[in-house]
Amino acid sequence: MNKAKSFFIKSFGCQMNVYDSNKMKDIFVSHGMQSTNYYQDADYIVLNTCHIREKATEKTYSDLGRVHKKGKNDHKIIVAGCVAQAEGELIQQRAPYVDLVLGPQSLQLLDTYLSDKNSNLKTMTEFDAIDKFDTLKRFKSHTDSKSSFVTIQEGCDKFCTFCVVPYTRGSEYSRSIPDIIEEVKKLSELGVIEVTLLGQNVNAYHGPDVSGKERGLSYLINKISELDKIKRITYSTSHPNNMTDDLIELHGTNSKLMSCLHLPVQSGSNKILKLMNRKHTREFYFEVIDKLRKHKSNIALSSDFIVGFPEEDDKDFQDTMDLIHHVGFMNSYSFKYSPRPGTPAADREQIPLKIQDDRLKIMQTTLDQQQIDFNKKFLSKRLDVLISSSGKFKGQVKGKSEFNQSVAIPGNPNIIGDIVPVQITDISVHSLIGKAEV
Ligand code: SAH
Ligand code: SF4
Ligand code: F3S
């Protein structure tokens with residue numbers, strides 16, 4: 001008997017790429033193939049790439065060189081994701097051994113490619129979100145996790161001046177509510193109890209309900225909450241301008257909604273926010289946070305920040321640090337500005353690297369301290385933790401608190417899949433350790 005062919009998928013970048021990678025996995029499995037963790041053994045190697053910063057893009061090319069050299073003799077290499085979309089032709093020039101280039105809204109064509117041995121597909125970068133989701137739902141999902149991502153919205157129409165996403169993911173598209181509910185139902189039948197709803201602007205969601213009426217994110221979340229098997233819901237990533245009052249209020253009324261929110265602000269300086277085309281001010285951001293805390297006083301907030309954006313001076317940076325102190329975040333991501341080809345800010349005069357480095361260091365020290373302070377509040381307290389899998393070390397299980405903190409718990413693999421009360425015994429910057437009270 002012939003040995004089943006195998007595939008290897010490496011996902012870079014954001015959670016939306018993780019979702020897409022899982023969907024590609026479902027397609028490979030439907031063709032009778034097996035997943036492998038080693039690209040050296042794989043017949044098909046997929047790199048699902050990210051273009052957000054220069055480093056991410058360069059990683060694609062260095063990984064490509066490596067898998068080409070060290071992979072099996074007759075393997076096929078597929079480049080998917082945002083670098084595929086932005087640099088399809090360039091990939092074919094820089095790495096002519098690549099067999100297929102698939103943009104994020106063309107990944108369903110993987111099925112066509114695998115079905116036809118003589119396929120002449122080469123660089124597929126159409127934007128067709130409708131076809132993507134209609135095609136993908138035909139494939140059976142495979143998951144043994146209790147927690148799952150569900151993309152509900154693709155693309156972005158906001159055009160922040162630093163960002164490639166509107167060019168790599170296309171314009172905004174919201175899936176229909178019946179489609180999403182069907183997907184979440186199927187996942188819940190596989191044992192999923194927590195869903196993270198995904199979109200580059202997830203809170204701008206506006207999809208049709210069963211009767212074709214357009215509905216927002218709060219309506220969708222309430223509909224998903226009606227599914228008994230789903231115990232926790234969260235959503236990412238949100239834009240401050242789309243935090244509508246009904247969505248803010250939902251944080252106080254919907255008990256399945258997790259007590260955390262990722263709400264990137266990027267900068268605390270009104271001058272820089274304007275140059276970034278964020279279309280909101282720091283004062284507006286504070287207003288949104290105040291309203292959120294009025295409805296859910298213990299909501300844990302996280303954000304993304306960019307330091308060293310063109311024209312950011314010391315005062316602008318201080319404004320951002322002031323915003324960080326004023327809000328208090330449980331966790332955040334901060335990056336040096338990376339000029340991206342084709343985006344408006346890339347042509348402006350850049351801030352010297354040394355200044356960017358110094359500012360990033362100051363910011364990350366403060367953000368880490370805020371995370372430690374946040375985690376410290378839970379020492380010796382009880383937290384409900386969804387235990388999702390075995391932990392990093394032998395004899396450990398791990399999971400997430402309702403505030404999205406990672407929690408490691410010694411012992412008891414039998415509790416995987418449950419939400420259990422955990423007594424927190426130790427903390428570090430990025431995780432907690434605790435004892436399950438079961
Ligand atoms: N849709 C989300 C963010 C998507 S990209 C939002 O609107 O907030 C994820 C993060 O990468 C951004 O929040 C931003 O902080 C960072 N980022 C995007 N482009 C960048 C660039 N050119 N240089 C550095 N960081 C960048
Ligand atoms: Fe990029 Fe701005 Fe769109 Fe977020 S809102 S994806 S940062 S353009
Ligand atoms: Fe990267 Fe594309 Fe996500 S650029 S952050 S993988 S949308």
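Order of appearance sets the numbers: ligands from 1, and atoms from 1 within every ligand. The model shown is predicted, which means the values in this text are computed figures rather than measured ones.
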At a 4.0 Å threshold, what atoms of ligand 1 neighbour a non-hydrogen atom of [X]?
X	value
Asp304	9 (C), 10 (C), 12 (C), 13 (O), 15 (O)
Lys336	23 (N), 24 (C)
Pro264	8 (O)

Can a non-hydrogen atom of [X] be found less than 4.0 Å from any atom of ligand 1?
X	answer
Lys55	no
Lys158	no
Asn201	no
Val165	no

Contact with ligand 2 for Arg278, non-hydrogen, under 4.0 angstrom:
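Judged by the 4.0 Å heavy-atom criterion, Arg278 does count as contacting ligand 2.
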Compute the minimum heavy-atom distance from Met16 to ligand 3 and say whether it is under 4.0 Å.
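Outside the 4.0 Å threshold, so no.
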Between [X] and ligand 1, does any nitrogen or oxygen pair lie at a separation below 3.5 Å?
X	value
Ser338	yes
Phe162	yes
Gln266	yes

Any N/O/S of Cys82 under 2.8 Å from atom 2 (Fe) of ligand 3?
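True for Cys82.
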May I ask you to list the atoms of ligand 2 that are less than 4.0 angstrom from any heavy atom of Phe162?
7 (S)
Enumerate the atoms of ligand 2 whose separation from the nearest heavy atom of Cys160 is less than 4.0 angstrom.
2 (Fe), 5 (S), 7 (S), 8 (S)
Heavy atom under 4.0 Å from ligand 3: found in Gln200's side chain, backbone, both, or neither?
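For Gln200, the contact with ligand 3 is made by the side chain alone.
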For Asp373 and Gln369, which I'm curious about, is there any donor-acceptor pair between the side chains at under 3.5 Å?
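The criterion, which ignores hydrogens and geometry beyond distance, is satisfied for Gln369 and Asp373.
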Heavy atoms only: which of Gly13, Cys50, Ala84, Ala86 lies closest to atom 1 (Fe) of ligand 3?
Cys50
Ignoring hydrogens, just give me the one of Val265, Ile306, Ile52 whose non-hydrogen atom is nearest atom 5 (S) of ligand 1.
Ile52
By the definition side chain to side chain donor-acceptor pair (under 3.5 Å), identify the one residue from Thr237, Thr234, Asp304 that meets it with His262.
Asp304
Can you name the atoms of ligand 3, numbered from 1 with element, that are less than 4.0 Å from a heavy atom of Asn17?
6 (S)
How far is atom 25 (N) of ligand 1 from the closest protein heavy atom, and which atom is that?
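Answer for atom 25 (N) of ligand 1: Arg53 NH1, 3.3 Å.
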Students should be able to answer this: which protein heavy-atom is nearest to atom 6 (C) of ligand 1, and at what distance?
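Answer for atom 6 (C) of ligand 1: Thr237 CG2, 4.0 Å.
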Any salt bridge linking Lys315 with Asp319? Criterion: basic side-chain nitrogen under 4.0 Å from a carboxylate oxygen.
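Answer for the salt bridge query: yes.
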Hey, is there an N, O or S on Cys163 sitting under 2.8 Å from atom 1 (Fe) of ligand 2?
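A backbone or side-chain N, O or S atom of Cys163 is under 2.8 Å from atom 1 (Fe) of ligand 2.
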